[in-house]
Amino acid sequence: MDLGLKDRVYVVTGATRGLGHATAEALVADGAKVIITGREEKSAAEAAAALGENAVGVAADNADPAAAARLIETARSRFGRFDGVLISVGGPAPGSAASNTDEQWQSAFESVFLGAVRLARTAAASLGEGGVIALVLSGSVYEPIAGLTISNGLRPGLAGFAKSLADEVGPRGIRVLGVLPGRIGTDRMRQLDGLSPDPEAARAANEAKIPLRRYGTPSEFGRTAAFLLSPAASYITGVMVPVDGGARRGF
């Protein structure tokens, strides 16, 4: 299948590693051009270099109010157009309702929630027909995850925002959707498994609850996200798409 990605230009945040990088890799492999971001200039430049000449690395923090406009302008100045954005909003600090501090909530709100809202809103104002905005969220949109109280609090709100934005910009031919990774073999998942006294046993127990009986790979997520960002998915909007090996128990 030709996804129609050739020469299209996307901004992918948090893409120096993990799910964002896997998505950028899949986009470039199918002919797209990408602006990828990381918090440090060196890591962003190195990650972009690994993807080749159709990738540019930019140091940017989603919490920075000026970042959104700067990234879109970079896409246009370097590659001549801007077709969409994948907002990878990272994972807030683990913890319980009792243990997470005000400071952790505030920091997560600024980067995970408000930063994503600002970038999506700015992108929506800049995109034309055929544009797309995707947010990397989590299965906690539907089902709270033990030990991730901040994520449980913020992700459903972002899903609601995405649905509202999809309704608003749909008449202009712009799509908005969420991609919900389950247990994917990233550094973040290894960190969470590592909170257990026996990380290997924790992973085995988690895998046993997944119908496919394994964690996903970043590339499996990246290929799905690249499809959803592409013109091949032109009639998909306003939905949350799980990439979780069947782990979610609802339909």
Side-chain angles (χ1 to χ4, degrees), residues 1-5 8 10-15 18-20 22-24 26-27 30 32 62 82-91 112-113 115-145 148 151-184 210-212 216-251:
M1 176 185 289
D2 180 3
L3 298 182
L5 285 168
R8 294 178 75 87
Y10 298 90
V11 171
V12 184
T13 72
L19 303 181
T23 302
L27 289 168
D30 220 68
N62 284 6
F82 170 59
D83 296 290
V85 58
L86 179 77
I87 306 170
S88 185
V89 295
V112 172
F113 191 92
V117 167
R118 185 186 296 115
L119 186 49
R121 191 174 57 209
T122 305
S126 301
L127 288 166
E129 184 171 358
V132 58
I133 299 163
L135 291 86
V136 180
L137 300 175
S138 163
S140 61
V141 162
Y142 291 116
E143 300 171 359
I145 300 172
L148 295 180
S151 178
N152 295 338
L154 298 181
R155 306 287 196 189
L158 281 172
F161 165 77
K163 182 65 173 176
S164 297
L165 185 61
D167 290 344
E168 292 177 21
V169 301
R172 292 168 46 209
I174 299 170
R175 299 185 297 118
V176 185
L177 51 90
V179 195
L180 313 184
R183 293 190 175 273
I184 310 291
I210 301 170
L212 291 182
T217 66
S219 62
E220 287 176 312
F221 176 91
R223 288 192 296 269
T224 302
F227 164 73
L228 292 169
L229 288 166
S230 78
S234 58
Y235 205 56
I236 300 175
T237 191
V239 295
M240 300 290 114
V241 180
V243 186
D244 64 1
R248 182 171 177 252
R249 305 317 304 158
F251 293 111

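Bear in mind that the values here come from a model prediction, so they are computed numbers and not experimental data.
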Run the side chain to side chain contact (heavy atoms under 4.5 Å, CB included) check on F221 and R223 step by step: do they pass? CA-CA 6 Å; F221 176 91; R223 288 192 296 269; over 6 Å; no

Please check this pair: side chain of [X] against backbone of [Y], looking for a donor-acceptor N/O pair closer than 3.5 Å.
X    : Y    : result
Y10  : L229 : yes
T23  : A226 : no
R248 : G182 : no
R175 : I236 : yes

Distance check, rounded to the nearest 0.5 Å: [X] atom [atom1] versus [Y] atom [atom2]?
X    : Y    : atom1 : atom2 : result
N152 : E143 : CG    : CD    : 10.5 Å
L5   : F227 : CG    : CZ    : 10.5 Å
E220 : L212 : CD    : CG    : 8.5 Å
L180 : Y142 : CG    : OH    : 6.0 Å
L27  : L86  : CG    : CG    : 8.0 Å
S230 : D2   : OG    : CG    : 9.0 Å

In chain order, what residues pass the side-chain contact (heavy atoms from CB on, under 4.5 Å) check against F82, with sequence neighbours excluded?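 Listed in chain order: V11, I72, A75, R76, V85, A123, S126, L127.
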
Is the shortest heavy-atom distance from the side chain of [X] to the side chain of [Y] under 4.5 Å?
X    : Y    : result
T217 : I184 : no
T237 : L177 : no
V179 : L137 : no
I210 : R183 : yes

What is the minimum heavy-atom distance between [X] and [Y], and which atoms define it?
X    : Y    : answer
A162 : L135 : CB-CD1, 4.2 Å
R172 : A124 : NH2-O, 2.7 Å
V12  : G20  : CG1-O, 3.5 Å
S88  : G14  : OG-O, 4.3 Å
G245 : P211 : O-CD, 3.4 Å

S140/S151 under side chain to side chain donor-acceptor pair (under 3.5 Å): CA gap, chis, key distance, verdict: CA-CA 7 Å; S140 61; S151 178; 3.1 Å; yes

Please lay out, stage by stage, how L165 and D167 fare under the test side chain to side chain contact (heavy atoms under 4.5 Å, CB included). CA-CA 5 Å; L165 185 61; D167 290 344; over 6 Å; no

How far apart are the C-alpha atoms of L158 and V141, what are their side-chain angles, what is the distance that settles it, and do they pass the side chain to side chain contact (heavy atoms under 4.5 Å, CB included) test? CA-CA 8 Å; L158 281 172; V141 162; over 6 Å; no

From CA spacing to verdict: side chain to side chain contact (heavy atoms under 4.5 Å, CB included), V136, I87: CA-CA 6 Å; V136 180; I87 306 170; over 6 Å; no

